[in-house]
Number of protein chains: 2
Amino acid sequence: MPDPNWQKPSCLIPLSRSEQKRLAIIEAARKIFLDKGFDGASMDVIAETANVSKRTVYNHYASKEALFGDVMLGMCQAKMDAMLLTLSPSDDMAEALTEFGSNFVNQILEPEGKALLRILVAHVDRFPELGQAFFDNGAKEVIATVAEYLRIQTQAGLITVDDPQDAAGSFLTSLHGEFFFRVLVTVAPPPEPAQVQKMVAAAVQRFLHGVLVRPV
Amino acid sequence: MPDPNWQKPSCLIPLSRSEQKRLAIIEAARKIFLDKGFDGASMDVIAETANVSKRTVYNHYASKEALFGDVMLGMCQAKMDAMLLTLSPSDDMAEALTEFGSNFVNQILEPEGKALLRILVAHVDRFPELGQAFFDNGAKEVIATVAEYLRIQTQAGLITVDDPQDAAGSFLTSLHGEFFFRVLVTVAPPPEPAQVQKMVAAAVQRFLHGVLVRPV
DNA sequence: TATGTAAACTGCACTGAGTAGTTTACATTT
DNA sequence: AAATGTAAACTACTCAGTGCAGTTTACATA
């Protein structure tokens with residue numbers, strides 16, 4: 001079992017017992033919710049997994065909903081941070097976009113990313129703020145980063161993009177192709193990073209070059 | 001209330017009373033499951049909505065799972081049929097791809113399509129065969145249709161596509177851009193058909209023309 | 001070093017609500 | 001007459017959240 005002191009803000013000042021318990025609860029809840037969803041997870045199991053009494057769980061969180069919200073927001077935050085790389089206009093375009101895109105696709109398709117997406121999708125109706133937060137603070141920023149990059153490169157005369165926002169969204173989704181859907185809707189395992197790399201590179205090439213021999 | 005006779009195979013031969021009840025149950029279950037998901041739906045409410053006693057529901061379906069499976073497979077089938085148009089290699093490429101793509105995107109983002117997707121995603125773990133069936137008999141065929149089209153047009157020398165399968169998947173996802181994700185993960189309403197049309201047309205243009213002024 | 005205190009934790013029984021599926025006794029349809 | 005449907009009560013179970021009596025921990029003071 002990893003030392004809880006190595007978890008959150010400071011690992012120099014030892015955490016209070018109460019804070020240790022809270023982290024254990026969050027960690028257990030994270031596992032159980034990811035695995036079973038909101039309805040499938042029981043507060044008894046979460047408490048047991050956290051090695052904590054059920055009463056303690058309710059001392060820290062007023063309700064199952066509150067615990068779920070806290071846990072999910074934390075996971076969304078972590079995923080957002082991991083998804084966003086910077087794009088340097090000075091680097092080689094194909095290379096820069098491929099690196100950015102591979103990371104993006106891997107972050108989405110990697111098992112825990114997939115599980116997080118599933119939970120979000122499954123619970124939009126009951127927890128609208130979660131999906132909204134993930135989109136507003138995560139996906140939106142990723143798209144904006146790419147859009148800004150496309151705008152700059154268009155201004156530099158390297159490419160021609162009319163609507164950078166629209167093109168960025170289209171480009172990003174073209175990177176994962178059918179896999180996003182397949183992984184979300186079936187039990188198929190996510191593709192290997194090597195395959196992702198290849199798929200993204202191909203999509204970047206198509207985006208940059210086009211496929212038509214003689215443009216109409 | 002619509003006449004159940006107008007629903008399924010034949011509306012000439014009147015359906016047996018038993019069959020009428022079965023259709024009423026399916027129709028009610030469809031509504032409730034789409035709205036509340038598997039766990040949120042109760043068999044009592046479904047029976048009540050179908051104007052049928054709970055015992056009758058259990059006379060037709062052995063369990064809640066069985067009813068859910070039947071209802072969902074039916075909806076998947078209908079959605080698959082609606083998603084798949086033909087692609088004539090002789091038509092203008094941009095026009096053909098735009099028409100095909102608009103229909104595809106609209107079918108996915110339209111409210112009931114969205115709800116169906118959400119349910120599938122939310123229940124993959126408990127009903128793996130559903131998502132698998134939807135992918136194998138639906139998405140896969142759509143991709144294959146586009147891939148075959150790209151192969152033919154490449155052979156005709158109109159375009160250059162190395163891996164038609166991969167390109168088809170990438171092309172199809174580039175059509176909906178961020179919207180697929182946004183609609184799935186937030187409560188945002190689906191875009192208007194006009195907006196879809198515009199977005200798809202732009203993506204088709206990019207796919208066909210590319211964006212690079214001077215190819216590297 | 002010993003002791004007091006407040007806050008937090010434990011364990012467990014309990015309430016109350018919801019629900020899948022069954023049973024029974026009777027009615028309707030074909 | 002046989003099959004099918006109805007209504008309502010009933011079983012058996014899960015699970016969120018509470019109450020409570022007693023214990024542990026951190027920390028301050030003596």
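Protein chains get the first letters and strands the later ones, always in sequence-line order, with residue 1 at the start of each.
- The distance between atom CZ of F33(A) and atom C1' of dC15(D), rounded to the nearest whole Å, is 13 Å.
- Straight-line distance from the CD1 atom of I46(A) to the P atom of dC15(D): 11 Å, rounded to whole Å.
- A donor-acceptor contact under 3.5 Å links the side chain of R55(A) to the base of dG19(D).
- As judged by a 4.0 angstrom heavy-atom cut-off over every strand, A47(B) is placed among residues making no nucleic acid contact.
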| query | Does the side chain to side chain contact (heavy atoms under 4.5 Å, CB included) test come out yes or no for T186(A) and F134(B), once each step is laid out? | reply | CA-CA 9 Å; T186(A) 75; F134(B) 188 60; over 6 Å; no
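- If you check dA16(D), dC20(D), dG21(C) against the side chain of S42(A), the one that comes closest is dA16(D).
- Evaluation of atom-type donor-acceptor distances gives no pair under 3.5 Å for the side chain of K21(B) against the base of dG5(D).
- Between the CE atom of M43(A) and the P atom of dC15(D) there is a distance of 13 Å, given to the nearest Å.
- A distance of 10.5 Å separates CD of Q153(A) from CZ of R151(A), quoted to the nearest 0.5 Å.
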Pick out the pairs of N or O atoms, protein on one side and nucleotides 24-26 of chain D on the other, that lie under 3.5 Å.
none

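- Atom CD in Q20(B) sits about 13 Å away from atom C1' in dT30(C), given to the nearest Å.
- Relative orientation of the F33(A) and F68(A) rings is perpendicular, given thresholds of 30° and 60° on the angle between their planes.
- Note on ring orientation: taking the six-membered ring where Trp is involved, the planes of F135(A) and F181(B) are tilted (angle from 30° to 60°).
- The base of dG17(D) is paired with the side chain of K54(A) by a donor and an acceptor separated by under 3.5 Å.
- F171(B) and F207(B) have tilted rings, their planes meeting at an angle from 30° to 60° on a 0 to 90° scale.
- Within residues 56-68 of chain B, the residues that have a heavy atom under 4.0 Å from DNA chain C are, in order of number, Y58(B), S63(B), K64(B).
- Taking atom CG of residue D39(A) and atom C1' of nucleotide dA20(C), one finds them 15 Å apart after rounding to whole Å.
- Whole-Å rounding puts the I25(A) CD1 to dA8(C) C1' distance at 11 Å.
- For D166(A), the side chain to side chain contact (heavy atoms under 4.5 Å, CB included) partners two or more places apart in sequence, or in a different chain, are D163(A), M199(B), A202(B), R206(B).
- Protein atom CD of E48(B) is 12 Å distant from nucleotide atom C1' of dA7(D), rounded to whole Å.
- Figure legend: cation-pi geometry between R55(B) and Y58(B) absent, as NZ or CZ is not positioned both under 6.0 Å from the six-membered ring centre and within 45° of its axis.
- The CZ atom of F127(A) sits 11.0 Å away from atom CG of L120(A), with the distance rounded to the nearest 0.5 Å.
- We find that CZ of R22(B) is positioned 15 Å from C1' of dT4(D), with the value rounded to whole Å.
- The CZ atom of F104(B) sits 7.0 Å away from the CG atom of L175(B) when rounded to the nearest 0.5 Å.
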